[in-house]
Amino acid sequence: MSIVNKIKPLIVKALQDIYGQQFQETDLTINLTKPEFEGDYTLVLFSFVKQLKKSPEQLGNEIGEYLIKNNPDLFSSFNVIKGFLNLVVTNNYWINFLQTSYTNKELGYQPANKHKVIVEYSSPNTNKPLHLGHLRNNFLGWSVAEILKTTGHTVYKTAIMNDRGIHICKSMVTWQLFGEDKTPESEGIKGDHFVGDYYVLFGQEHKKQAELLIADGMSKEEAEKNTPIMLAAQKMLLDWENGDPEVKALWQKMNGWVYEGFNETYKKIGSDFDKNYFESETYLLGKEFVEDGLKKGVFYKKEDGSVWIDLTADGLDEKIVQRKDGTSVYITQDLGLADKKFEEFKYDQSIYVIADEQNYHMKVLKLILQKLGKPYADGIYHLSYGMVELPSGRMKTREGTVVDADDMIEELKKVAREKTEELGKVKDFNPGELNELYDTIALGALKFFLLRVDPKKRMIFNPEESIDFHGFTGPFVQYTHARIKSILRKEQGTRYKVQEGTSGLLLKEKELIVLLEQYPITIEQALQEHNPSLLAIYAFNVAKTFNTFYTEHSVMNAESEEKKQLRLQMSELTANVIASAMGLMGIKVPERM
RNA sequence: GGCCCGGUAGUUCAAUGGAUAGAAUAGAAGUUUCCUAAACUUUAGAUACAAGUUCGAUUCUUGUCCGGGCUACCA
């Protein structure tokens with residue numbers, strides 16, 4: 001257990017014993033002590049002043065003395081400054097922690113519990129290749145799943161392939177018209193890109209045709225609905241729904257191309273799924289929900305036959321759940337899919353990794369399921385993340401302003417290669433090892449970049465500035481790891497126990513150990529908040545702190561053999577923690593770079 | 001119009017109501033006989049505006065201004 005979690009009950013007990021008042025651990029504010037003061041952890045005293053009717057100084061002194069008297073193994077001294085009680089933790093505690101942890105590669109892991117969690121992420125449309133926004137989604141979903149696993153949950157990863165609908169038909173119809181039987185193979189283009197090109201071409205063609213109609217006197221709105229190519233796409237959608245064998249065959253062929261491309265990209269970025277759902281197979285689900293809802297009086301039917309739910313009492317709007325022609329809408333499909341997923345996985349929690357533009361939709365989804373009394377409704381959690389934007393604004397496929405995922409990775413690999421060759425530190429690597437290293441660095445940079453920001457916030461991606469391997473980046477952390485490994489390779493002799501107490505801790509040594517000790521609570525916090533950026537920030541701080549420590553104090557040429565042992569242990573623990581934290585984000589760390 | 005987010009150094013991001021608002025990058029100045037300089041050190045620079053609650057507000061409340069999203073019998 002981490003030190004903060006040990007301190008809290010001790011203070012609660014102190015308050016009880018000294019003042020006879022009961023406080024909760026959540027009433028306490030405990031922070032890391034600011035570096036300019038003496039101490040490791042600080043209790044903020046102001047909040048007790050009113051209730052205990054004593055000055056902060058008096059409170060601080062009384063609590064401090066009590067803690068030291070009763071826990072001499074944990075606290076060595078204290079001081080009170082203004083309303084802050086600064087506690088100094090004993091060197092023994094830190095040295096003990098180090099010695100019991102430095103070989104533990106599962107630091108922060110929690111034992112298995114009974115909770116089953118399903119994480120739905122990625123969920124692409126099968127009419128165009130993945131872009132930067134998808135990558136944020138993929139990295140986030142994968143990382144959150146990994147954090148859940150580490151903390152003892154049973155996790156299933158799923159995706160829903162949006163493989164049907166008018167957008168798919170747009171690519172199909174355009175390929176039929178202009179494709180000349182070309183294939184990804186014949187053109188040497190990755191399948192998803194190949195299909196995506198026809199989707200873009202549709203947009204161009206549609207625009208051209210609309211302009212002709214407008215020139216003939218049609219209004220803009222009318223024209224956009226009635227271009228020949230748009231009408232063809234709509235007809236194709238109907239044919240698809242009616243099971244037209246030719247259309248279905250074309251659909252299968254083109255989706256097959258896309259999946260081939262997706263699989264290649266997924267493999268490269270390390271996304272994996274326990275189960276894929278396909279909208280083409282689930283879009284008719286949810287019909288029985290309409291019946292059920294009507295029976296329960298949750299839904300109501302309008303005169304024209306359409307079915308609605310009134311959510312105005314919950315501050316939302318009226319929402320349609322079935323069209324007057326009896327076909328279901330998006331939300332109804334999602335109701336059905338939620339049910340299906342529960343049937344198959346019996347989950348306790350179902351996390352949907354979906355962009356924040358769907359906040360309203362997800363709120364409605366959960367609310368409807370709750371109103372229908374579904375037992376799994378409360379376990380639904382929308383992990384809402386902000387969109388990735390360019391300095392010029394939102395990415396738009398039709399305007400060709402998207403940053404393509406595959407292109408981005410290749411670009412980063414190129415920079416990784418150039419930089420590596422320039423530095424010339426791994427000249428003995430064979431081509432296979434080099435390629436692996438470039439992958440590690442490029443994906444490390446990309447994943448770190450997209451995960452280091454709070455998921456809830458939208459982020460701006462500047463293509464020029466973002467390809468940076470310095471500072472708050474993945475490669476910076478990876479580099480620190482490689483340097484530590486280099487030291488450890490040179491000192492493979494047996495480690496031995498450092499004598500407790502006889503070894504004082506220098507400022508920089510202690511700073512690093514205190515930080516390393518916080519790894520488990522950092523994981524816990526990332527879990528609670530569904531927020532991998534905490535791990536990115538933490539890993540960066542560990543690397544930075546190690547670098548500072550390492551420039552000031554030699555490991556191999558330490559002042560004494562005991563110091564050398566201590567620092568070797570610190571180095572090993574740092575490397576393990578970095579590898580672990582990065583691993584939770586799906587980022588590999590190299591032995592050399 | 002209604003509802004929901006957001007506004008912090010030039011830029012990209014931090015900060016459970018707590019001490020002098022932290023980083024990174026760009027800028028300026030330095031560090032290589034010594035464990036990998038993809039590193040390190042020093043320096044300068046910010047809470048949109050106005051009220052309110054509080055011992056204390058970047059954080060909570062209200063208003064104003066500025067961005068973004070949602071508000072389809074599209075998905």
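By convention in this document, chain letters (A, B, ...) are assigned in the order of the sequence lines, proteins followed by strands, and residues within each chain are numbered from 1.
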Closer than 4.0 Å, any side-chain N/O of [X] to the OP1 or OP2 of [N]?
{"X": "A:S533", "N": "B:A14", "answer": "no"}
{"X": "A:H167", "N": "B:C74", "answer": "no"}
{"X": "A:K544", "N": "B:A24", "answer": "yes"}

Any idea if B:U33 is syn or anti, going by the 90°-from-0 cut? anti
N-O pairing of [X] and [Y] below 4.0 Å:
{"X": "A:E559", "Y": "A:R567", "value": "yes"}
{"X": "A:R164", "Y": "A:E279", "value": "yes"}
{"X": "A:K563", "Y": "A:E509", "value": "yes"}
{"X": "A:R417", "Y": "A:D439", "value": "no"}
{"X": "A:K456", "Y": "A:D454", "value": "yes"}
{"X": "A:E436", "Y": "A:K588", "value": "no"}

Could you give me the stems involving RNA chain B, meaning stretches of three or more consecutive Watson-Crick or G-U wobble pairs whose two defining distances are both below 3.5 Å? B:1-7 with B:65-71, B:10-13 with B:22-25, B:27-31 with B:39-43, B:48-52 with B:60-64
Please determine whether any donor N or O and acceptor N or O are separated by less than 3.5 Å between the side chain of A:T42 and the base of B:A19. yes
Suppose we call a contact any N or O donor and acceptor under 3.5 Å apart; does that hold for the side chain of A:N86 and the base of B:A19?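 Such a pair is found, so the answer is yes.
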Hey, does [X] reach any base, or is it just sugar-phosphate, or nothing, if we go heavy atoms under 4.0 Å?
{"X": "A:R592", "answer": "base"}
{"X": "A:Y360", "answer": "sugar-phosphate"}
{"X": "A:Y283", "answer": "nothing"}
{"X": "A:N162", "answer": "nothing"}
{"X": "A:E279", "answer": "sugar-phosphate"}
{"X": "A:H553", "answer": "base"}

Is A:F37 stacked on the base of B:A19, with ring centres under 5.5 Å apart and planes under 30° apart?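 So yes, this residue stacks on that base, both cut-offs being met.
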Ring centres within less than 5.5 Å and planes less than 30° apart: is that true of A:F46 and B:G56 in this structure?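 So A:F46 does not count as stacking on the base.
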I'd like the [atom1] distance from [M] over to [N], given in whole Å.
{"N": "B:U25", "M": "B:U61", "atom1": "C1'", "answer": "36 Å"}
{"N": "B:A9", "M": "B:U43", "atom1": "C1'", "answer": "14 Å"}
{"N": "B:U12", "M": "B:G45", "atom1": "C1'", "answer": "15 Å"}
{"N": "B:C49", "M": "B:U42", "atom1": "C1'", "answer": "36 Å"}

Taking only nitrogen or oxygen atoms into account, show me every contact under 3.5 Å that the protein makes with nucleotides 11-13 of chain B, one pair per line with its distance.
unit_1	atom_1	unit_2	atom_2	d
B:C13	OP1	A:I460	N	2.8

Which class fits the ring pair A:F549 and A:H553: parallel under 30°, tilted 30 to 60°, perpendicular over 60°? tilted
Please pick, from [options], the nucleotide with the shortest atom-to-atom distance to any side-chain atom of [X].
{"X": "A:Y330", "options": "B:A75, B:U20, B:C35", "answer": "B:A75"}
{"X": "A:K50", "options": "B:A19, B:C55, B:C35", "answer": "B:C55"}
{"X": "A:R164", "options": "B:C40, B:A75, B:A23", "answer": "B:A75"}

Is there a side-chain hydrogen bond (donor to acceptor under 3.5 Å, both in side chains) between A:N435 and A:K413? Walk through the geometry before answering. CA-CA 9 Å; A:N435 191 53; A:K413 266 186 88 167; 3.0 Å; yes
